[in-house]
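A short write-up of the structure that comes next.
Labels below follow one simple rule: chain letters A, B, ... track the order of the sequence lines, proteins then strands, and each chain is numbered from 1.
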There are 2 protein chains.
Amino acid sequence: MNKQSDKKTRTKERLLEATLCLISEKGYLGATTREIAARAGVTEITLFRHFGSKERLFEEVLKKYTFLPRLKEIIPRVKDSPPEEALSEMALRFIETLKERKGMVKIMLSEMNVYPDKIRKVYEKFIEELVKTLSGYFDTLRDRGTIRDIDTYLASRAFLGMVFCYFQAEEITKSRTITRKEAERVVREFVDIFLKGIVG
Amino acid sequence: MNKQSDKKTRTKERLLEATLCLISEKGYLGATTREIAARAGVTEITLFRHFGSKERLFEEVLKKYTFLPRLKEIIPRVKDSPPEEALSEMALRFIETLKERKGMVKIMLSEMNVYPDKIRKVYEKFIEELVKTLSGYFDTLRDRGTIRDIDTYLASRAFLGMVFCYFQAEEITKSRTITRKEAERVVREFVDIFLKGIVG
DNA sequence: AATTTATGTTAGCATGCACTTACTATATTA
DNA sequence: TAATATAGTAAGTGCATGCTAACATAAATT
């Protein structure tokens with residue numbers, strides 16, 4: 001009972017991946033079960049035998065490709081470096097993770113509105129947790145006297161907003177690839193502004 | 001030949017508005033011509049007589065509800081105030097405009113990926129022009145010596161990113177309404193950070 | 001060898017969709 | 001009053017989609 005269930009598992013995974021891929025390209029309604037099955041190299045009925053319905057398949061994709069955990073583990077790793085370094089490192093890994101999970105990001109941005117119950121909760125939770133994790137870091141900096149007395153929650157949102165919006169504009173809107181060098185240059189500038197402001 | 005064409009025009013406008021409304025709720029594929037016509041208080045065939053096809057109807061919606069001009073006119077009006085005031089004013093009006101054109105913003109975010117040729121061009125141009133307009137303002141500040149020597153293009157993207165991401169998270173993801181007071185508080189904090197940085 | 005498991009094949013159903021045809025009704029215009 | 005412009009009604013076409021039924025196959029398990 002090993003090779004059989006392996007086969008099953010791999011089929012399921014190929015289906016999930018094909019779904020992620022196609023929905024992120026064409027949207028939930030635009031991605032047909034026939035095409036998903038075809039891209040997974042499987043017949044349509046196999047899809048239904050595994051997931052029962054298109055909707056349940058979609059839900060399993062959402063579960064599987066969440067990427068909040070990946071993002072949260074970034075912060076503890078760098079929080080004892082100097083702020084400039086820590087923030088740069090966080091921003092760069094943030095961008096990297098978003099790039100890796102681009103399909104998921106696209107789905108969240110575009111289907112959020114249409115399938116509120118399924119996606120919005122995932123996304124809301126994602127944002128809030130991420131923001132709070134970063135603002136927790138800012139709290140410790142403030143307690144150490146490293147930074148001045150600002151609203152750390154809003155500061156966190158400001159910083160993440162700058163970075164996310166950059167990613168969104170380049171990779172999603174313009175369909176460009178952000179190179180490592182470019183990311184480093186942009187992040188350096190963002191961190192500089194964020195830490196010291198633009199007044200001089 | 002006046003009351004007749006008035007009638008025609010109003011029907012067309014109601015159809016365009018209903019389309020904007022429904023597509024921003026359900027996406028292009030999710031919004032059916034039947035429902036659009038119904039919401040406009042008109043029969044389906046009237047829709048086709050006016051626009052020929054669903055796609056052409058969609059294109060006309062995109063044309064009609066562009067809001068780049070509204071955003072661009074903000075900057076010249078405030079560029080001679082002190083930077084803190086000018087930036088706050090711009091951010092607040094930016095948020096206000098986005099709120100007014102929320103339906104259009106939603107469409108752009110969610111359909112961009114599926115109808116690249118139609119939407120992406122609109123959106124790309126929108127971003128670049130807006131960013132450049134703001135960075136032009138930063139250029140003049142730098143020339144006057146008001147701010148230090150930073151990359152004004154990236155600074156512009158950073159600032160707009162903070163504000164837009166805030167709007168997106170609250171109004172679109174969470175489906176909340178940003179009140180005027182809240183907007184003022186948030187913008188004050190953002191501008192403070194952006195001008196002076198968080199180090200202190 | 002017999003059975004179970006995972007998948008394939010073929011065909012199809014029911015539904016909803018964009019879009020059409022043909023005819024009618026009403027108000028404006030000339 | 002006759003002609004025109006705008007919208008309505010009713011019915012329906014053709015197609016794609018989500019999903020299913022019935023049967024077949026080949027490998028793994030027992």
Measure from CG on L57(B) to P on dC17(C) and round the result to the nearest Å. 16 Å

Calculate the interatomic distance between L22(B) atom CG and dC17(C) atom C1'; express it in whole Å. 15 Å

Quick one: closest heavy-atom pair of A155(B) and F138(B), and the distance? C-CE1, 3.9 Å

Is it the case that D139(B) and T152(B) place a side-chain donor and acceptor less than 3.5 Å from each other? yes

Is the closest side-chain donor-acceptor distance between E60(A) and Y65(A) under 3.5 Å? no

Starting at atom OH of Y28(A), determine the distance to atom P of dG18(D), rounded to an integer number of angstrom. 8 Å

Taking the side chain of I45(B) as heavy atoms from C-beta outward, which of dG8(D), dG8(C), dG18(D) is closest to it? dG8(D)

Take atom NE2 of H50(A) and atom C1' of dT5(C), then tell me their distance rounded to the nearest Å. 10 Å

For the pair made of CD1 in I36(B) and P in dG16(C), what is the distance, rounded to whole Å? 18 Å

Shortest non-hydrogen contact between Y153(A) and V131(A), atoms and distance: CE1-CG1, 3.5 Å

Starting at CZ of R34(A) and ending at P of dA11(C), how long is that distance when rounded to a whole Å? 14 Å

Proximity to the side chain of T43(B) - top-ranked nucleotide from dT7(C), dT9(D), dA21(D): dT9(D)

Nearest to side-chain heavy atoms of T11(A), which nucleotide of dG18(D), dT7(C), dA18(C): dT7(C)

Taking dT20(C), dT17(D), dA7(D) as options, the one with an atom nearest any side-chain atom of F48(B) is dT20(C)

Using a heavy-atom cut-off of under 4.0 Å over every strand shown, decide if A37(B) touches base, sugar-phosphate, or nothing. nothing

Only one of K99(A), R176(A), K102(A) passes salt bridge (charged side-chain N to carboxylate O under 4.0 Å, His left out) with E170(A); say which it is. R176(A)

Nearest to side-chain heavy atoms of T33(B), which nucleotide of dT17(D), dC19(C), dA18(C): dA18(C)

Ignoring the backbone of R49(A), work out which of dG18(D), dT21(C), dA22(D) is nearest its side chain. dA22(D)

Would you indicate which nucleotide in dA7(D), dG8(C), dT17(D) comes nearest to any side-chain atom of T46(A)? dG8(C)

Sugar-phosphate, base or nothing in reach of G41(B), heavy atoms under 4.0 Å: sugar-phosphate

In whole angstroms, the gap separating C1' of dG18(D) from CD1 of I23(A) amounts to 14 Å

Give one of base, sugar-phosphate or nothing for A31(A), where a contact means two heavy atoms less than 4.0 Å apart. sugar-phosphate

What is the separation between atom CD on E44(A) and atom P on dG18(D), rounded to the nearest whole Å? 7 Å

